[in-house]
Number of protein chains: 2
Amino acid sequence: MTSKRRLGVETAKNRSRLIDAAVELMVEEGYAAVTARKVAAKAGLKVQLVYYYFKDMDDLILAVVKRNSVKRMKRFVRTLAGPDPLRAIWVMNRDSTSAASTTELLALANHRETIRSEVVRAAKEFRHLQIEAVEQLLGDYGLDREKVPPAAVVTIIAALSRAMAQDSALGVDEGYPEAVALVERGLDWLVQQGDGGAGGGDSVPREVPGLDES
Amino acid sequence: MTSKRRLGVETAKNRSRLIDAAVELMVEEGYAAVTARKVAAKAGLKVQLVYYYFKDMDDLILAVVKRNSVKRMKRFVRTLAGPDPLRAIWVMNRDSTSAASTTELLALANHRETIRSEVVRAAKEFRHLQIEAVEQLLGDYGLDREKVPPAAVVTIIAALSRAMAQDSALGVDEGYPEAVALVERGLDWLVQQGDGGAGGGDSVPREVPGLDES
DNA sequence: GTCTATACTTCGATAGAC
DNA sequence: GTCTATCGAAGTATAGAC
């Protein structure tokens, strides 16, 4: 009813190519460069195909966001399966391959409602899952939730990771080595609480965490 | 030599208005909306004045970035003058009035070289000054730099602040109350080391910082 | 599904009169 | 310093033939 033009299948090969092209463009040149013409050119297709597969440009961007969310969730589930999930979460967050597109998506979400709601939805879901996982872990370690709130740990780790990814993309690394070292110390300590000095093997306990009296 | 067109004074009233308009547009609609026509319209001026005062659009954006840096530096210097500079730095970083433009500028810096170098320059300078200030403070408090590295403290605080500002702009606050509380606890503890339980008065020491054994 | 053709808008940027 | 006039390039989106 709403639109005269009516077509566009979901699992088509060219549709996927257009999304790929859009992601590349966003990373390389920024969201402003994601135009129908450029996307089509990068995908080796004609402009009109963009409008055949997507309602409009917002619809294309939305597809990019969703693909992004799905990929990240899959990685997260895989990550949790391994040993030392706490540090795995940290490393996963630190991974900066998707840092560039995250920055762009964040900026985009501020100004386009459809994008915003999807970004927010995915972010909340992801955050909750991480908190839940860490709650479980710290519980297993027998740690007091009051002293080491899982939500705080996850949030600080995520914040530091994102900032580091954003800054290193620009070539700014001032302070990060020290910050990372401090977090690592904290994680060492947390994990050490867990295996009680028996299981792991190569975990080097060292001392107390970061902010302790001298 | 390079350009035929040659004019544009630095301290003109209309020049400043154009920068104002550019900032507003960037915050409200994103950097892609900062076009010569829209900026002029928002400033109530004719399009051509944009090109009279600025070499090109990049030049305008650059002016926005510089104004931003200067403003932030001034706030920082003011901030350091007061009592409890450590917490003042934290509060200042948390301030989210400029969060929106920061997100945009960050995204922009990834793709435009002239913007990037200025953003990076300002970021590094600012970070160094903060680290220096905190080093001084923690030194006064008689704290061991190995246990509480100033660079790590500043970086984590800045990272958490930025992430929180970005997320709250979108309406995501999951985990932040807990993270903020943890940081506050840490700051309480640090400051407490400083005034030895004498000076301040209303500072409630409570206990040890965040990541301590139970 | 894909292409041709096309309408309309907005953009950056400049030349030159006043 | 500001305005009129003007380019050409690039953008979104649609209609309709094949």
Side-chain angles (χ1 to χ4, degrees), chain A residues 1-22 24-26 28-64 104 107-108 111-115, chain B residues 1-22 24-26 28-64 104 107-108 111-115:
Chain A
M1 307 291 192
T2 22
S3 65
K4 296 98 164 279
R5 175 166 52 87
R6 260 309 69 194
L7 285 176
V9 202
E10 71 290 15
T11 55
K13 196 176 60 181
N14 279 345
R15 186 177 190 275
S16 186
R17 279 191 187 152
L18 288 170
I19 299 179
D20 289 336
E24 285 175 40
L25 269 171
M26 194 178 300
E28 292 165 7
E29 303 180 45
Y31 68 73
V34 183
T35 69
R37 282 171 150 89
K38 285 184 181 168
V39 167
K42 180 143 245 164
L45 301 170
K46 299 282 179 175
V47 203
Q48 292 79 352
L49 282 199
V50 172
Y51 294 97
Y52 172 67
Y53 285 110
F54 303 95
K55 195 176 142 294
D56 51 27
M57 291 310 290
D58 254 47
D59 198 30
L60 208 196
I61 305 281
L62 200 58
V64 170
E104 295 297 326
L108 255 178
H111 310 291
R112 301 210 209 168
E113 186 49 34
T114 55
I115 312 296
Chain B
M1 312 288 193
T2 22
S3 65
K4 297 98 164 278
R5 175 166 52 88
R6 256 312 68 192
L7 285 175
V9 203
E10 69 292 14
T11 54
K13 195 176 60 181
N14 279 345
R15 186 178 191 275
S16 186
R17 279 191 188 154
L18 289 170
I19 299 179
D20 289 338
E24 285 175 41
L25 268 171
M26 194 178 304
E28 292 165 7
E29 303 180 44
Y31 68 74
V34 183
T35 68
R37 286 168 150 89
K38 284 184 181 168
V39 167
K42 179 144 245 165
L45 301 171
K46 299 281 178 175
V47 203
Q48 293 78 352
L49 283 199
V50 172
Y51 294 98
Y52 172 69
Y53 286 111
F54 304 94
K55 196 176 142 292
D56 50 28
M57 291 310 290
D58 255 45
D59 198 29
L60 208 196
I61 305 280
L62 200 58
V64 170
E104 294 297 326
L108 254 177
H111 310 292
R112 299 210 210 169
E113 186 49 35
T114 54
I115 312 298

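Proteins come first, then strands; the chains are lettered A, B, ... in the order of their sequence lines, and each starts at number 1.
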Quiz item: Applying side chain to side chain donor-acceptor pair (under 3.5 Å), which residue pairs with at least one partner in residues 35-49 of chain A are found, sequence neighbours left out?
Solution: Glu28(A)-Lys42(A)
Give the rounded distance in Å between these two atoms: [atom1] of [X] and [atom2] of [N].
| X | N | atom1 | atom2 | answer |
| --- | --- | --- | --- | --- |
| Asp58(A) | dG11(D) | CG | C1' | 15 Å |
| Phe54(B) | dT14(C) | CZ | P | 15 Å |
| Asp59(A) | dT14(D) | CG | C1' | 16 Å |
| Tyr31(A) | dG11(D) | OH | P | 16 Å |
| Asp56(A) | dA13(D) | CG | P | 5 Å |
| Met57(B) | dA13(C) | CE | P | 8 Å |
| Lys55(B) | dT14(C) | NZ | C1' | 13 Å |

Tell me whether the OP1 or OP2 atom of [N] has a side-chain N or O from [X] closer than 4.0 Å.
| X | N | value |
| --- | --- | --- |
| Tyr51(B) | dA13(C) | yes |
| Tyr52(B) | dG1(D) | yes |
| Asn14(B) | dT2(D) | yes |

Self-check item: Residues in contact with DNA chain C, drawn from residues 37-44 of chain B - heavy-atom cutoff 4.0 Å
Solution: Arg37(B), Lys38(B)
Quiz item: Considering only dA13(D), dG11(D), dG12(C), which nucleotide approaches the side chain of Thr35(B) most closely?
Solution: dG12(C)
Quiz item: Looking at Ile19(B), Leu60(B), Leu45(B), which hits side chain to side chain contact (heavy atoms under 4.5 Å, CB included) with Val39(B)?
Solution: Leu60(B)
Exercise. For side-chain contact (heavy atoms from CB on, under 4.5 Å), just list the numbers for Ile61(B) and Met26(B), CA-CA rounded to whole Å, side-chain angles, deciding distance to a tenth of an Å, and then say yes or no.
Key: CA-CA 10 Å; Ile61(B) 305 280; Met26(B) 194 178 304; 4.1 Å; yes
Self-check item: Distance in Å, Tyr53(A) OH paired with Asn14(A) CG, rounded so as to fall on 0.5 Å steps
Solution: 5.0 Å
Quiz item: Listed by chain and number, what are the side chain to side chain donor-acceptor pair (under 3.5 Å) partners of Asp58(A), not counting sequence neighbours?
Solution: Arg112(A), Thr114(A)
Exercise. Please name all residues satisfying salt bridge (Lys or Arg N to Asp or Glu O under 4.0 Å) with Asp59(A), sequence neighbours left out, ordered by chain then number.
Key: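 Scan of Asp59(A) (salt bridge (Lys or Arg N to Asp or Glu O under 4.0 Å), adjacent residues dropped) gives none.
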For nucleotides 3-5 of chain D, which of its nitrogen or oxygen atoms have a protein nitrogen or oxygen under 3.5 Å away, and what is each distance?
from	atom 1	to	atom 2	distance (Å)
dA5(D)	N6	Gln48(B)	NE2	2.8

Self-check item: Derivation and outcome, side-chain contact (heavy atoms from CB on, under 4.5 Å), residues Glu104(B) and Glu29(B)
Solution: CA-CA 10 Å; Glu104(B) 294 297 326; Glu29(B) 303 180 44; over 6 Å; no
Quiz item: Who passes side chain to side chain contact (heavy atoms under 4.5 Å, CB included) against Ala41(A), sequence neighbours left out?
Solution: none
Exercise. Under the side chain to side chain contact (heavy atoms under 4.5 Å, CB included) rule, collect the residues that match up with Ala36(A), sequence neighbours excluded.
Key: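 With sequence neighbours excluded, Ala36(A) shows a side chain to side chain contact (heavy atoms under 4.5 Å, CB included) to Val47(A), Val50(A), Tyr51(A), Met57(A), given in chain and number order.
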